[in-house]
2 protein chains.
Amino acid sequence: MKKITLKDIAAHFLVSVSTASKAINDSHEISVALKEKIQAYAKDKNYKPSRLALNLRNKSNKTIGVIVPNILNYFFVQVLYGIEKVANDKGYNIISCISDESFEKESKTLEFLDSGTVDGLIVSLSEETQEKKRVEALLEIVDNQIPLVLFDRVSDLVHCDKVVVDDFEAGHTATSYFLDTGCKNIAFVSPISKSSVGTLRFEGYQKALSEKNIPLNYKLVVNFGKDDDLDVLMSILLDGAPVDAILGLDEITAVKVLKMVIARGYSVPDDISIIGFTNGQLSEYVTPALTTVSQHGKYIGESAAKQLIERIENANEGQFDFKTKVVKTSLVVRDSTRKLP
Amino acid sequence: MKKITLKDIAAHFLVSVSTASKAINDSHEISVALKEKIQAYAKDKNYKPSRLALNLRNKSNKTIGVIVPNILNYFFVQVLYGIEKVANDKGYNIISCISDESFEKESKTLEFLDSGTVDGLIVSLSEETQEKKRVEALLEIVDNQIPLVLFDRVSDLVHCDKVVVDDFEAGHTATSYFLDTGCKNIAFVSPISKSSVGTLRFEGYQKALSEKNIPLNYKLVVNFGKDDDLDVLMSILLDGAPVDAILGLDEITAVKVLKMVIARGYSVPDDISIIGFTNGQLSEYVTPALTTVSQHGKYIGESAAKQLIERIENANEGQFDFKTKVVKTSLVVRDSTRKLP
DNA sequence: CTGAAAGCGCTAACAA
DNA sequence: TTGTTAGCGCTTTCAG
């Protein structure tokens with residue numbers, strides 16, 4: 001049976017559309033008798049007001065758009081989960097899009113969403129976008145007064161609410177932990193060197209080293225991209241200099257590094273300690289279990305969603321006091337690092 | 001700057017709205033001079049037709065809804081990824097919802113989506129829904145002629161396109177593999193005993209046993225729920241009967257079982273072989289690497305999306321020749337099972 | 001208590 | 001070549 005509209009109902013009872021509308025919305029202006037008849041009929045015919053029409057009328061549709069760079073990365077899944085939870089609570093739906101780390105796909109998606117489809121947007125920038133510093137599409141969004149929350153991979157050029165992790169501190173903490181457990185030759189392996197997040201962590205890494213007067217050794221810094229062969233790079237790294245610790249900038253990288261190191265006969269953590277990022281199942285179940293920096297993805301998602309919905313629902317007030325929320329990371333110590341003395 | 005509408009543009013040039021509309025859509029009925037002026041202005045002011053209005057007019061919005069039971073399960077993430085890929089290709093957006101294995105949340109979501117928000121729906125049932133066999137909301141969807149594709153967790157009661165895995169065969173294949181490698185006491189550990197998928201795999205398991213004239217031993221069958229302590233159940237299992245193989249019905253279960261078994265001092269695969277489901281990163285990187293049944297999640301997602309979009313775009317033809325696509329699983333052999341003789 | 005009319009933003013058939 | 005009108009489905013004044 002095809003969808004039934006108010007008009008159909010009105011016709012069936014030979015009343016006007018507006019009467020039918022009021023009856024269904026239980027308006028006091030309508031006689032009880034009529035209301036009951038109409039409501040019963042509506043229920044029977046399974047009438048549902050068309051969202052499409054309501055959306056147009058209300059210029060809103062209780063939907064928020066989310067763009068993440070990569071859904072196969074557990075961190076972003078956690079964030080998504082958090083967003084969904086609070087959005088759902090508050091009666092919002094989610095349009096989720098994946099930028100695949102591509103500037104172009106991100107821009108297209110943004111352009112698409114910038115046309116009334118969503119009430120607000122939660123975005124984490126693609127690496128390419130951060131590298132190129134091309135945030136026009138975001139600026140457009142802001143200019144069009146669509147509430148926007150950036151998380152994790154953010155940009156200073158965009159004026160909006162943000163939820164980030166203290167990546168500088170995270171890099172610093174992890175590196176210091178290596179140092180405190182007696183490691184000296186700490187390698188830094190990053191698949192996201194061009195993102196804000198990667199840069200900040202690197203700065204934290206540098207800072208921790210310099211605090212102990214350890215010079216930065218570029219032989220220990222491995223930045224790689226999608227097309228690089230990590231295995232080869234690791235060989236070069238391990239052959240090129242003594243290494244007793246490795247900081248891997250995302251979960252899968254840390255795990256792969258762990259496996260490669262073990263495959264080459266090193267013992268973890270005795271010969272080499274390893275710390276990863278994103279406290280996911282992989283880190284927990286791999287052997288030896290990985291010490292990781294937890295960014296609390298779910299919490300980030302929840303915060304971003306709360307912040308956004310707040311903005312949406314108080315659209316007029318205080319437009320320009322944007323907040324940046326910094327979520328503290330925590331180091332989850334497991335078996336891939338030596339014990340503190 | 002606030003959104004600009006056709007009306008604004010029309011007013012600015014003192015023309016009618018329809019003229020403005022045609023000019024912007026580059027209609028041949030409009031003089032080139034005027035078109036150029038208007039288009040330039042529109043571009044400058046960053047005019048974008050309102051999706052909301054277009055949606056109402058076209059009764060369509062190039063959006064498909066997806067409901068999965070659990071987004072923290074890698075299998076569903078893979079499916080989502082596949083769906084997104086083809087949807088994006090064909091210009092569709094995705095509204096993604098999570099049922100959290102809850103019948104109520106699923107019903108609410110379905111009800112919400114059943115009001116013009118989406119052009120079609122891709123759904124995998126929550127376990128609770130399958131257990132209760134309460135598919136009214138789905139029937140409603142079908143009745144309202146909203147194209148629907150069910151995947152993985154499906155229901156016979158709903159008449160629509162489906163994409164499933166041959167779970168019976170998968171259960172059979174995995175069990176047979178154990179048998180062929182010399183295992184005799186094969187345990188079956190399932191967190192989804194009430195879902196279609198779990199049931200079918202169990203039947204495959206039984207079949208494989210009976211083919212070798214091995215009686216089914218209920219001591220070896222462990223069905224557990226969210227609130228059960230798997231650790232306790234595993235102790236009971238291992239203490240209650242000799243066990244030399246365990247089939248875990250999802251990835252995380254298999255991994256947990258693997259860890260527990262090892263923690264109890266068994267050697268894998270020598271004492272106990274283990275096979276899991278969902279060929280994800282976890283299975284690949286855990287030690288020993290898990291032999292798993294791959295359901296090809298991404299491919300399932302792609303198939304479902306293709307099927308759905310096909311339906312959406314050929315809405316009228318052949319309404320009732322629903323197809324069920326069966327995706328073959330494959331056994332990815334790694335180190336948690338003994339070698340074939 | 002009920003209905004007519006306007007409007008959300010856009011398009012398209014039909015006039016002029 | 002441009003404008004008028006109607007309509008997508010619904011709500012909401014404002015009259016009756």
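In what follows, every chain begins at residue 1, and chains take the letters A, B, ... in the order their sequences are listed.
- For the contact set between residues 31-41 of chain A and DNA chain D, defined by any heavy atom under 4.0 Å, there are no members.
- Remark: A:Gln78 engages no residue in a side chain to side chain donor-acceptor pair (under 3.5 Å) (not counting sequence neighbours).
- Salt bridge B:Lys105/A:Glu84: present, at least one basic N to carboxylate O contact under 4.0 Å.
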Name the atoms and distances for all side-chain donor-acceptor pairs under 3.5 Å in residues 298-309 of chain A, with sequence neighbours left out.
residue  : atom : partner  : partner atom : Å
A:Tyr299 : OH   : A:Lys325 : NZ           : 3.1
A:Ser303 : OG   : A:Tyr299 : O            : 3.0

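- Under the rule for a side-chain contact (heavy atoms from CB on, under 4.5 Å), B:Asp156 has no partner lying at least two apart in sequence or in another chain.
- Atom-to-atom, NZ of A:Lys59 to P of C:dG7 comes out at 14 Å; the value is rounded to the nearest Å.
- Shown here are the side-chain contact (heavy atoms from CB on, under 4.5 Å) partners of B:Ala137, two or more places apart in sequence or in another chain: B:Leu110.
- Applying the ring pair (Phe, Tyr, Trp, His ring centres under 6.0 Å) test to residues at least two apart or on different chains, none of the pairs has a partner in residues 79-105 of chain A.
- In the displayed structure, A:Lys37 atom NZ is contacted under 6.0 Å by at most 12 heavy atoms of other residues, nucleotides or ligands.
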For nucleotides 10-13 of chain C, list the nitrogen or oxygen atoms of the protein found under 3.5 Å from its nitrogen or oxygen atoms, one pair per line.
residue : atom : partner : partner atom : Å
C:dC10  : OP1  : B:Tyr47 : OH           : 2.6
C:dC10  : OP1  : B:Ser50 : N            : 3.2
C:dC10  : OP2  : B:Leu6  : N            : 2.6
C:dC10  : O2   : B:Arg57 : NE           : 3.2
C:dT11  : OP2  : B:Ser21 : OG           : 2.8
C:dT11  : O4'  : B:Arg57 : NE           : 3.2
C:dT11  : O2   : B:Arg57 : NH2          : 2.7
C:dA13  : N6   : B:Lys22 : NZ           : 3.4

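- In this model, no donor atom of one side chain and acceptor atom of the other lie less than 3.5 Å apart for B:Ser196 and B:Arg153.
- Not counting sequence neighbours, A:Tyr41 has no partner by the side chain to side chain donor-acceptor pair (under 3.5 Å) test.
- In this structure A:Glu104 satisfies the side chain to side chain donor-acceptor pair (under 3.5 Å) test together with A:Lys108, sequence neighbours excluded.
- Atom CD1 in A:Ile24 sits roughly 18 Å away from atom P in C:dC1 (whole-Å rounding).
- Going from atom CG of A:Leu157 over to atom NZ of A:Lys133 covers 7.5 Å, rounded to the nearest 0.5 Å.
- Applying the side chain to side chain donor-acceptor pair (under 3.5 Å) criterion to B:Ser18, with sequence neighbours excluded, gives B:Ser16.
- Taken over five-pair windows at either terminus, the axes of the helix from C:dC1-D:dG16 to C:dA16-D:dT1 are inclined to one another by 60° (rounded to 10 degrees).
- Contacts between chain B and DNA chain D, taken as any atom within less than 4.0 angstrom of a protein heavy atom, begin and end at D:dT1 to D:dG9.
- For the residue pair A:Glu106/A:Thr129, the side-chain donor-acceptor check at 3.5 Å is satisfied.
- Summarising the geometry, the separation between CG on A:Leu14 and P on C:dA4 is reported as 12 Å, rounded to the nearest angstrom.
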